[in-house]
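The analysis underlying the following values was restricted to heavy atoms, covering all of them including side chains, and did not include hydrogens, waters or symmetry mates. All of these numbers come straight from a predicted model, not from anything done at the bench.
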Amino acid sequence: MIPFRTSAAALFAAVTLAAVPATAVAHNGSHPFENCTEAYDNGYSNIPEGDEHYGEHLDRDKDGIGCDQPPSDFVPRDESDDDAGAGAGDGGAKEENDGGTDLAETGGSDTTPYIAAAGGAVVLLGGGLMIAARKRRENR
């Protein structure tokens with residue numbers, strides 16, 4: 001019984017770890033931020049009502065401006081890349097961008113979900129083969 005518990009725990013851990021990189025998603029700018037921390041991390045503050053990044057949940061004082069209290073270490077988004085130019089705060093400082101990629105900082109790429117799914121399938125197949133072999137031994 002103990003090897004079965006060990007393999008089940010290993011299977012669960014492998015599937016969980018394989019799914020983690022596939023769940024990290026960078027903000028693509030077509031929806032409101034989930035919270036002001038996410039907005040600040042992406043270089044947005046003072047997001048006006050009507051902006052594609054604005055959400056009522058970001059405007060605690062209901063004055064029509066979301067995320068209007070950025071932290072002291074806030075670095076505004078580079079407005080030259082922004083077509084609308086709205087919601088970028090007070091311009092000025094530019095954020096350094098290492099590679100120009102829009103990926104989350106996980107090191108993943110477009111193939112990460114497929115690699116994770118393939119790894120999960122291999123783990124599931126191995127677990128299924130192990131269970132089938134045990135049942136076969138028990139039936140002898």
Side-chain angles (χ1 to χ4, degrees):
M1 272 293 188
I2 293 175
F4 178 72
R5 288 182 186 166
T6 304
S7 62
L11 174 69
F12 177 73
V15 170
T16 303
L17 289 174
V20 169
T23 59
V25 177
H27 189 269
N28 65 5
S30 63
H31 55 82
F33 292 105
E34 287 189 31
N35 54 45
C36 286
T37 302
E38 183 184 2
Y40 297 144
D41 289 346
N42 283 283
Y44 285 85
S45 69
N46 300 321
I47 305 170
E49 189 172 1
D51 187 276
E52 63 185 349
H53 302 294
Y54 177 84
E56 289 183 14
H57 61 285
L58 302 175
D59 187 7
R60 291 186 179 165
D61 55 2
K62 306 295 181 209
D63 64 350
I65 305 292
C67 302
D68 52 359
Q69 296 179 348
S72 60
D73 61 344
F74 173 72
V75 178
R77 185 167 188 269
D78 183 4
E79 289 186 37
S80 65
D81 294 335
D82 190 9
D83 294 335
D90 55 290
K94 292 186 179 181
E95 185 176 352
E96 293 292 323
N97 190 352
D98 294 340
T101 178
D102 62 346
L103 295 175
E105 294 183 20
T106 60
S109 68
D110 291 340
T111 59
T112 301
Y114 300 108
I115 293 170
V122 168
V123 170
L124 289 173
L125 180 63
L129 289 174
M130 204 159 97
I131 290 170
R134 285 197 183 134
K135 287 190 179 203
R136 189 174 188 198
R137 268 188 270 156
E138 289 173 2
N139 291 334
R140 286 187 182 175

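- Heavy-atom contacts from other residues, nucleotides or ligands closer than 6.0 Å to NZ of K135 number 12 or fewer.
- Panel note: side chain H57, backbone F33; a donor-acceptor pair is recorded below 3.5 Å.
- Closest of all the heavy-atom pairs between I47 and A39 is CD1-CB, 4.1 Å.
- Chaining together hydrophobic side chains whose heavy atoms lie under 4.5 Å apart leaves I65 on its own.
- Interatomic distance, E138 CD to R134 CZ, rounded to the nearest 0.5 Å: 8.5 Å.
- Contact annotation: the side chain of C67 approaches that of Y40 to within less than 4.5 Å [non-hydrogen atoms, C-beta and beyond].
- Across every non-hydrogen atom of K62 and E56, the tightest pair is NZ-O, 3.4 Å.
- The CG atom of D63 lies 9.5 Å from the CD atom of E49; values are rounded to the nearest 0.5 Å.
- The shortest heavy-atom contact between Y54 and G66 is CE1-N, 3.8 Å.
- Heavy atoms only, all atoms of each residue included: N42 and R77 are closest at O-CD, 3.7 Å.
- A distance of 8.5 Å separates SG of C36 from CG of D59, quoted to the nearest 0.5 Å.
- Residues E38 and N35 meet the side-chain proximity criterion, which asks for heavy atoms closer than 4.5 Å.
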